[in-house]
Amino acid sequence: MRRPLVAGNWKMHGTRQSVEHLLSGLSKLEFSDQVDLMIAPPALFMQQCREALVGSPIRLGGQSCAYQAEPGALTGEISPAQLRDAGCEYVLVGHSERRSLFGETDEIVCRKFAAALACGLRPVLCVGETREQRDAGQTADVVGRQLQVVLDAFGVGGLAQGVVAYEPVWAIGTGLTASPDQAQEVHAMIRARFAMLDDEQAQCVQIVYGGSVKADNAESLFAMPDIDGGLVGGASLNAEEFGAIARAAGRA
Ligand code: PEP
């Protein structure tokens, strides 16, 4: 039985003051113990979040990490070992903004996935197609290719140690959400691909959906059999919204 995960990606938002306000809102919420919860704040606020979330079920995650675990001359990067040391349990790898704006290739994303696993983090592997790719009927190919590099290196068992986030690029930050049927179709395709390699492990992989998830669409998305929660951007900056999305995951 897979547990749902609701993860908040705060992206490059927040000041110490606004983060304090958001954390205070989060600390007042009650969460189901049947749902895994995570927030990925900007790294600058990790310590602030860690201190405020003592005793909370909300875990911490990085938004990205370096492609190597060892310390080194990588100016501006944060290693997965440093994230772990800072209290993180998760890290996003291959978010579409990292792929499109920072040139991260499937190979780099796979190295990040490997480095994260080596440090005891759960990598959240983000995959998804652009609008043009969807319109051209290439969704399965694009998502399949993004997954294959990690599958070749780690197998389904490796992915089961992390999380897969299906995030259609056209739905991220646009207010356009994939319909529950559209999302379920891709999630089922991903799971079927895993099942061809290892059916038992395939049933264990958490596959979450991301792309304009909000309190008012979360329930119908999470009701789908292969959608195991959500990766939430904009709506995770509001404690009430995040709480409502987490409650929807608890009812699914
Ligand atoms: C994201 O950043 O991963 C995301 C899904 O953002 P939003 O919920 O704002 O679309």
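Order of listing sets the numbers, starting from 1, for every ligand and every atom in it. This structure is a prediction, so every number in the text was calculated from the model and none was measured.
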Checklist entry - Just wondering, do Q68 and L74 contact through their side chains at under 4.5 Å, heavy atoms? => result yes
Item to check | Side chain to side chain, F194 and V164, heavy atoms closer than 4.5 Å | outcome: yes
Checklist entry - Looking at side-chain heavy atoms only, is the closest gap between D226 and D228 below 4.5 Å? => result no
Next on the checklist: I'd like the contact residues of ligand 1, where contact means a heavy atom below 4.0 Å.
Outcome noted: N9, K11, H95, E167, A171, I172, G173, G210, G211, S212, L231, V232, G233, G234
Checklist entry - Taking S24 as the fixed residue, which of E20, K28, H21 is the one that meets the side-chain hydrogen bond (donor to acceptor under 3.5 Å, both in side chains) rule? => result K28
Next on the checklist: Could you go through W10 and C49, starting from their C-alpha distance and side-chain angles, then the distance that decides it, and tell me whether this counts as side chain to side chain contact (heavy atoms under 4.5 Å, CB included)?
Outcome noted: CA-CA 12 Å; W10 290 5; C49 292; 3.9 Å; yes
Next on the checklist: As a quick check of understanding, evaluate side-chain hydrogen bond (donor to acceptor under 3.5 Å, both in side chains) for Q148 and D106, giving each step before the final call.
Outcome noted: CA-CA 9 Å; Q148 196 58 46; D106 290 333; over 6 Å; no
